[in-house]
Engineer: 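Have a look at the structure that comes next, please.
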Amino acid sequence: MNTPDSPRPVPEFDLQTLRHSTSHVMAAAVLRLYPTAKLAIGPAIDNGFYYDFDLDTQLKQEDLPAIEAEMKKIIKERFAFTRFTLPRAEALAAVADQPYKVELINDLPADAELSFYKMGDFTDLCAGPHIDHTGRIKAYKLLSVTGAYWRGDSNKKMLQRIYGTAFVTKDELQAHLTALEEAKKRDHNKIGRELEYFTTTEYIGQGLPILMPKGAKVLQLLQRFVEDEEERRGYLLTKTPSLAKRDLYKISTHWDHYRDGMFVIGDAEDEESEVFALRPMTCPFQFQVYLARMRSYRDLPMRFNETATLFRNESSGEMHGLIRVRQFTLSEGHIVCTPEQVENEFVGCLDLVNFMLDTLGLREDVTYRFSKWDENNREKYIGSADEWNRTQALMKNILDHLKLDYVEADGEAAFYGPKLDIQMKNVHGKEDTIITIQIDFQLAARFEMEYVDADGQRKHPYIIHRSSIGCYERTLAMLLEKYAGALPLWLAPTQVAVLALTDRHHEYCRELTRQLQAAGLRVELDDRNEKIGYKIREAQVSKVPYMLIVGDKEQETNTVSVRARDGDKGAMTLQEFTAMAVQQIQNKER
RNA sequence: GCUGGUGUGGCUCAGUCGGUAGAGCAGCUGAUUCGUAAUCAGCAGGUCAGCGGUUCGAAUCCGCUCACCAGCUCCA
């Protein structure tokens, strides 16, 4: 604790530097305890740091306290961090017994400065910067040990990664650890199951969640909302099959790019027989609608939308709650337009997305990512460098016109074009794409989609692949985490819980419930065996927007006592309550 | 797919050295009718994820499979 006599020193380093230095201290401690350890890399990251090791023994969570204790000794020594550089030959000699460091040096450009940091008897190849001495480290904690591939390449060796975090003060550290615990309580995978939004069974299989009545209700509400809004914005609803012959996927090249990720029906190796595959995306199905007859430039833009169930055979370790699953429902759509219309249509897509995010209350939680191709990894993409550069410039231009705050990411594009990805983090801090808008300059030609332009020439249109609210299951997961299960009134599976204080009030409550339902509200009255609503558990009640309490007082005065999630609203008539609730639902209040 | 962890009634968990399963909550029955979750009494509920092996004997030991969790890789 800080006292007036020992004011908290203003550190001349930032948190990232402190954490990076702490990772060095951890590496030194590991090396003391496991002298044969080979070191990989140990950067600071959001909220902490990690270091990757190649060890003979498998570390366990139980081994972390010993490492922390060893770190404490190093910190007590107040070792200085001193920087020095070496010529390449000497640098290589210095790390001769550290193969991963040798590889790192060999991959650095010939003219790169090779800097090292020495701290006690521990020296590490490192660009820095660092704190002045280990005594600065006051508050740290090792969190977990997991596997991680060397250089993030699944073909390379899996190393052992220790995650940790560090803060300037112990209070800040404790606050962070508490926040991590709190975040876990919002985990959709926990509360979604507890509150019975979804479940899984081993007999149905991995990545195949079962949406229970509450989950199914929310998805239905979202779907109606999306389809209605899209209709207002000029979209044409389609409903296309859930599977197709592989020939379709061969044209789109999905068969080449993602065959392992598709559920194939039939012998995929047999080129003679008829083979089907469940659809992993909607594009070529919806394209068939466009292709049904000759199109004119006067028809464009054509905006197609569909609530599409998709199937992807994700690898076993990749499934996660409702966020990553093998069957999911996407608010999918494709806009076919002329080159001149691309910008307007793209802006319209983003406006729709932002409208959705605003309505759901997620706008402040997302970031925008401009996902580009990787020109060094061309086999992942179709089309020429020229076409890629042109289309990416087109999208960047649109984004800059919009003054959108975005980050650029290489190698994150779809194989047919660049994307604007709307990213959101889950409670574990892991980021996922929840919504995407993509510009495709390739598939129209592959599917021979054309329009007759004003000059009488047949031309290939641009196609915008877009979602408006994303994958319904994933969006539900994010909503559950955002609201800790207490969804906004308009989305709540149960909007009103009616609580009869005694059996005397029970009949009256049934009548109230009937009236509320007639007004379109979703009501729950716990009336099993004529028992009183008292039994509605607090754990559930706290998630329900409104609870109506009815006892003698209310029945005599023809009122209900209204308790909202944020406090008591007092007594009012049922009509007053209903009018208020219906208004709030119409406004989609949060 | 890879690394590690987990898997006991609907839920949360206990089960010592292998001797053949226990609690609370939920459920059901009855009593209670109580102003904002856990009133009282009783009842019922488990092939200890599944399969195979070791053993006289396995929830406990070994192997395989399945599912769940965290991380890595992947994500049209």
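Per chain, numbering begins at 1; letters A, B, ... match sequence-line order.
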Engineer: Is the shortest distance from a Lys or Arg side-chain nitrogen in A/E314 or A/R324 to a carboxylate oxygen in the other one below 4.0 Å?
Structural biologist: yes

Engineer: Using the P atom on both, measure B/rA21 against B/rG30 and round to a whole Å.
Structural biologist: 32 Å

Engineer: Under 4.0 Å between any heavy atoms, over every strand shown, what does A/G152 touch: base, sugar-phosphate, or nothing? Just pick one.
Structural biologist: sugar-phosphate

Engineer: Counting any heavy atom closer than 4.0 Å, what does A/G417 reach on the DNA or RNA strands: base, sugar-phosphate only, or nothing?
Structural biologist: nothing

Engineer: Considering every strand and a 4.0 Å limit on heavy-atom distances, what is the contact class for A/K190: base, sugar-phosphate, or nothing?
Structural biologist: nothing

Engineer: B/rA76 P sits how many Å from A/I437 CD1, rounded?
Structural biologist: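 Computing the A/I437:CD1 to B/rA76:P distance gives 15 Å.
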
Engineer: Heavy atoms only, 4.0 Å cut-off, all strands: where does A/Q442 land among base, sugar-phosphate and nothing?
Structural biologist: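 Nothing, no heavy atom under 4.0 Å.
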
Engineer: If only side-chain N and O atoms of A/H465 are considered, is one of them under 4.0 Å from the OP1 or OP2 phosphate oxygen of B/rA76?
Structural biologist: no

Engineer: Expressed as a whole number of angstroms, how long is the span from A/L499:CG to B/rC34:C1'?
Structural biologist: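 Value for this atom pair: 11 Å.
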
Engineer: Under 4.0 Å, heavy atoms only, any strand: does A/S315 hit a base, just the sugar-phosphate, or nothing?
Structural biologist: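 If one applies the 4.0 Å heavy-atom cut-off, A/S315 turns out to touch a base.
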
Engineer: When the C1' atoms of B/rG24 and B/rA37 are considered, how many whole Å apart are they?
Structural biologist: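 Straight-line distance between the two C1' atoms is 15 Å.
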
Engineer: Looking at every strand, decide which applies to A/R326 at a 4.0 Å heavy-atom threshold: base, sugar-phosphate, or nothing.
Structural biologist: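 Result for A/R326 = nothing.
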
Engineer: Rounded to the Å, how far apart are A/E194 CD and B/rC69 P?
Structural biologist: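 About 14 Å, once rounded to whole Å.
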
Engineer: With heavy atoms under 4.0 Å as the rule, sort A/Y163 into base, sugar-phosphate or nothing.
Structural biologist: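 Since only primed, P, OP1 and OP2 atoms lie under 4.0 Å of A/Y163, the category is sugar-phosphate.
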
Engineer: Suppose we define a pair by two distances each less than 3.5 Å, Watson-Crick or G-U wobble; what does B/rC68 pair with here?
Structural biologist: B/rG5

Engineer: Have a look at A/H257 and say if it touches a base, only the backbone sugar-phosphate, or nothing, with a 4.0 Å heavy-atom cut-off.
Structural biologist: nothing

Engineer: For A/H257 and A/F415, take the angle between the two ring planes, folded into 0 to 90°, and tell me which bin it lands in: parallel under 30, tilted 30 to 60, perpendicular over 60.
Structural biologist: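 Judged by the thresholds at 30° and 60°, the geometry between A/H257 and A/F415 is parallel.
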
Engineer: For A/N313 and B/rC74, give me the distance from atom CG to atom P, rounded to whole Å.
Structural biologist: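 After rounding, the reported distance stands at 18 Å.
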
Engineer: Report which part of the nucleic acid A/Q61 touches: base, sugar-phosphate, or nothing (heavy-atom distance under 4.0 Å, all strands).
Structural biologist: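 Counting heavy atoms under 4.0 Å across all strands, no contact is made by A/Q61.
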
Engineer: Please determine whether any donor N or O and acceptor N or O are separated by less than 3.5 Å between the side chain of A/R504 and the base of B/rU33.
Structural biologist: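 It does not, because no donor-acceptor pair links the side chain of A/R504 to the base of B/rU33 below 3.5 Å.
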
Engineer: If we take the P atom in both B/rC68 and B/rU33, what is their distance in whole Å?
Structural biologist: 48 Å

Engineer: Identify the nucleotide, in any strand shown, that forms a Watson-Crick or G-U wobble pair with B/rA23, with both distances under 3.5 Å; if there is none, say none.
Structural biologist: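 The base-pairing partner of B/rA23, which may sit in any strand shown, is B/rU12.
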
Engineer: Between A/Q160 and B/rU3, is there a side-chain N or O to OP1/OP2 distance below 4.0 Å?
Structural biologist: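 It does not, given that no N or O in the side chain of A/Q160 lies less than 4.0 Å from OP1 or OP2 of B/rU3.
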
Engineer: Are OP1 or OP2 of B/rC75 and a side-chain N or O of A/K380 less than 4.0 angstrom apart?
Structural biologist: yes

Engineer: With rounding to the closest Å, how many angstrom separate the C1' atoms on B/rG46 and B/rG7?
Structural biologist: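 Result for the C1' pair: 14 Å, nearest Å.
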
Engineer: Give the nucleotide from the list B/rC75, B/rC72, B/rA70 with an atom nearest to the side chain of A/M158.
Structural biologist: B/rC72

Engineer: Report yes if a side-chain nitrogen or oxygen of A/S154 is closer than 4.0 Å to either non-bridging phosphate oxygen (OP1 or OP2) of B/rG1; otherwise report no.
Structural biologist: no

Engineer: Considering only the C1' atoms, how many Å lie between B/rG1 and B/rG18, rounded to the nearest integer?
Structural biologist: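 Pairwise C1' distance, B/rG1 against B/rG18, rounds to 36 Å.
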
Engineer: In Watson-Crick or G-U wobble terms, both distances under 3.5 Å, what is the partner of B/rU36?
Structural biologist: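 WC or wobble partner does not exist here.
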
Engineer: Does B/rC72 have OP1 or OP2 sitting under 4.0 Å from an N or O in the side chain of A/Y50?
Structural biologist: no

Engineer: Near A/E431 CD, under 6.0 Å, is it more than 12 heavy atoms from other residues, nucleotides or ligands?
Structural biologist: yes

Engineer: Could one point to a donor on the side chain of A/E318 or the base of B/rG71 with an acceptor on the other under 3.5 Å away?
Structural biologist: no

Engineer: Are A/E412 and A/K372 close enough for a salt bridge, meaning some N to O gap below 4.0 Å?
Structural biologist: no

Engineer: Checking all strands, does A/T201 fall into the base, sugar-phosphate, or nothing category for heavy-atom contacts under 4.0 angstrom?
Structural biologist: nothing

Engineer: Between A/E332 and A/R466, is the closest basic N to carboxylate O distance under 4.0 Å?
Structural biologist: no

Engineer: For the atom pair OG1 (A/T238) and CD (A/E306), what is the distance rounded to the nearest 0.5 Å?
Structural biologist: 3.5 Å

Engineer: Could you tell me whether A/K156 contacts a base, only the sugar-phosphate backbone, or nothing, with contacts defined as non-hydrogen atoms closer than 4.0 Å?
Structural biologist: nothing

Engineer: With respect to the phosphate group of B/rA70, does any side-chain polar atom (N or O) of A/H320 fall under 4.0 Å of OP1 or OP2?
Structural biologist: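 Affirmative; the distance criterion is met.
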
Engineer: Select from A/R324 and A/K60 the residue whose nearest nucleotide in RNA chain B is closer to the 5' end of that strand.
Structural biologist: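 On the 5' side of the pair lies A/K60.
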
Engineer: Name the pairing partner of B/rG63, where a pair is Watson-Crick or G-U wobble with both distances under 3.5 Å, or state none.
Structural biologist: B/rC51

Engineer: So, does the side chain of A/Y149 form a donor-acceptor pair with the base of B/rG1 at under 3.5 Å?
Structural biologist: yes

Engineer: Please report the distance separating the C1' of B/rC48 from the corresponding atom of B/rG22, rounded so that it comes out in whole Å.
Structural biologist: 12 Å

Engineer: Map A/D568 and A/Y258 onto RNA chain B by nearest heavy atom, then report which one ends up closer to the 5' terminus.
Structural biologist: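 Counting from the 5' end, the first nearest nucleotide belongs to A/D568.
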
Engineer: Does one side chain, of A/Q442 or A/Y381, offer a donor that lies under 3.5 Å from an acceptor on the other?
Structural biologist: no

Engineer: Using the C1' atoms only, state how far B/rA59 lies from B/rG9, rounded to an integer number of Å.
Structural biologist: 14 Å

Engineer: Would you call A/K543 and A/E524 a salt bridge, using N to O less than 4.0 angstrom?
Structural biologist: no

Engineer: Taking the C1' atom of each, how far is B/rU60 from B/rA70, in whole Å?
Structural biologist: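 Their C1' atoms lie roughly 26 Å apart.
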
Engineer: With respect to the phosphate group of B/rC2, does any side-chain polar atom (N or O) of A/K157 fall under 4.0 Å of OP1 or OP2?
Structural biologist: no

